[in-house]
Amino acid sequence: MTDIGTRIRDSFARQSMMQTLGAEIDEVGEGKVVITAPILPSSRQQHDVAHAALSFAIGDTAAGYAALTKMPDDQEVMTAEIKINLLAPGAGDYLRATGRVIKPGRRLVVVTAEVHAITGASEKLIAILQGTMVPVAKQG
């Protein structure tokens, strides 16, 4: 059995979208993954705050990898559906998404993620996501 932290980090390293966003994994635990991403000039919208797509991308990814921590080594994860509630503008230095498993299952895994905007020692909850992940056979 592969170490879950290594498994998640190896998979994450293959995601070109996360590389484009400058995202990094900060924490991996059973049923929980934390991802951070800077609010780069290329990730901002017209009001000079993080685009909602940045919140969605790292929230979805953190939630998906949280689900993967509950799956056997011969499976990967795909998002079946996920929704986002945007609570406040993404103003800050970087965003932190914390994905968690709500209910693991063999066919469906219910997940959630919270996205916080961080500036110095201050943080603000800016989005919540909830969705369903599905196990898929590992490729290759």
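Looking at residues two or more places apart in sequence or on another chain, you find no side chain to side chain donor-acceptor pair (under 3.5 Å) involving D74. In this view, A23 and F12, M18, I35, A37, I58 satisfy the side-chain contact (heavy atoms from CB on, under 4.5 Å) rule, not counting sequence neighbours. Residues forming a side-chain contact (heavy atoms from CB on, under 4.5 Å) with T98 (at least two apart in sequence, or on another chain): K32, V34, R96, R100. Every residue two or more places apart in sequence or in another chain that forms a side-chain contact (heavy atoms from CB on, under 4.5 Å) with A53 is listed here: H51. For K103, there are no side chain to side chain donor-acceptor pair (under 3.5 Å) partners at least two apart in sequence or on another chain. Looking at residues two or more places apart in sequence or on another chain, you find a side-chain contact (heavy atoms from CB on, under 4.5 Å) between I102 and V110, T112.
Sorted pairs that involve residues 104-116 and meet salt bridge (charged side-chain N to carboxylate O under 4.0 Å, His left out), not counting sequence neighbours, are lacking altogether. Sorted by first and then second residue, the salt bridge (charged side-chain N to carboxylate O under 4.0 Å, His left out) pairs with a member in residues 79-95 form an empty list; sequence neighbours excluded. Residue pairs meeting the side-chain hydrogen bond (donor to acceptor under 3.5 Å, both in side chains) criterion with at least one member in residues 54-65, sequence neighbours excluded: S11-Y65, Q15-Y65, D60-T79.
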Donor-acceptor list for residues 40-48 side chains, cut-off 3.5 Å, not counting sequence neighbours:
{"residue": "R44", "atom": "NH1", "partner": "D48", "partner atom": "O", "Å": "2.7"}
{"residue": "R44", "atom": "NH2", "partner": "I39", "partner atom": "O", "Å": "3.1"}
{"residue": "Q45", "atom": "OE1", "partner": "H47", "partner atom": "N", "Å": "2.4"}

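The two residues A97 and A62 come nearest to each other via the heavy atoms O-CB, 3.8 Å. The shortest non-hydrogen separation linking I126 to A117 is CG2-CB, 3.8 Å. What you find for A91 and T119 is that their closest heavy atoms are O-OG1, 4.0 Å. Counting all heavy atoms, side chain and backbone alike, V28 lies closest to G5 at CG1-CA, 4.0 Å. When every heavy atom of V101 is checked against every heavy atom of A66, the shortest pair comes out as CG2-O, 3.2 Å. Contact detail for V111 and A67: the closest heavy-atom pair is CG1-CB, 3.9 Å.
Annotation for L125: hydrophobic cluster partners, listed by chain and number, are L87, I128 (ILVMFWY side-chain heavy atoms under 4.5 Å, direct or chained). The hydrophobic cluster around L108 extends to M78, V134, V136, counting ILVMFWY residues whose side-chain heavy atoms fall within less than 4.5 Å of a member.
Q130 places no side-chain N or O within donor-acceptor distance of the main-chain N or O of A113, the cut-off being under 3.5 Å. Side chain of T69 to backbone of G31: a donor-acceptor contact under 3.5 angstrom is found.
Here CD1 of I8 is found 10.0 Å from OG1 of T6. Values are rounded to the nearest 0.5 Å.
Using a 4.5 Å cut-off between side-chain heavy atoms of Ile, Leu, Val, Met, Phe, Trp and Tyr, with links allowed through other members, I82 and V115 fall into the same hydrophobic cluster.
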- Query: Does the side-chain contact (heavy atoms from CB on, under 4.5 Å) test come out yes or no for E27 and V33, once each step is laid out?
  - Reply: CA-CA 6 Å; E27 181 183 337; V33 171; over 6 Å; no
- Task: List the steps and the verdict of side-chain contact (heavy atoms from CB on, under 4.5 Å) for Q75 and K138.
- Result: CA-CA 5 Å; Q75 294 182 328; K138 194 172 196 174; 6.0 Å; no
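Contact check for L68 versus R7: side-chain heavy atoms found under the 4.5 Å cut-off. Residues K70 and E30 have side chains in contact (heavy-atom distance under 4.5 Å, counting atoms from C-beta outward).
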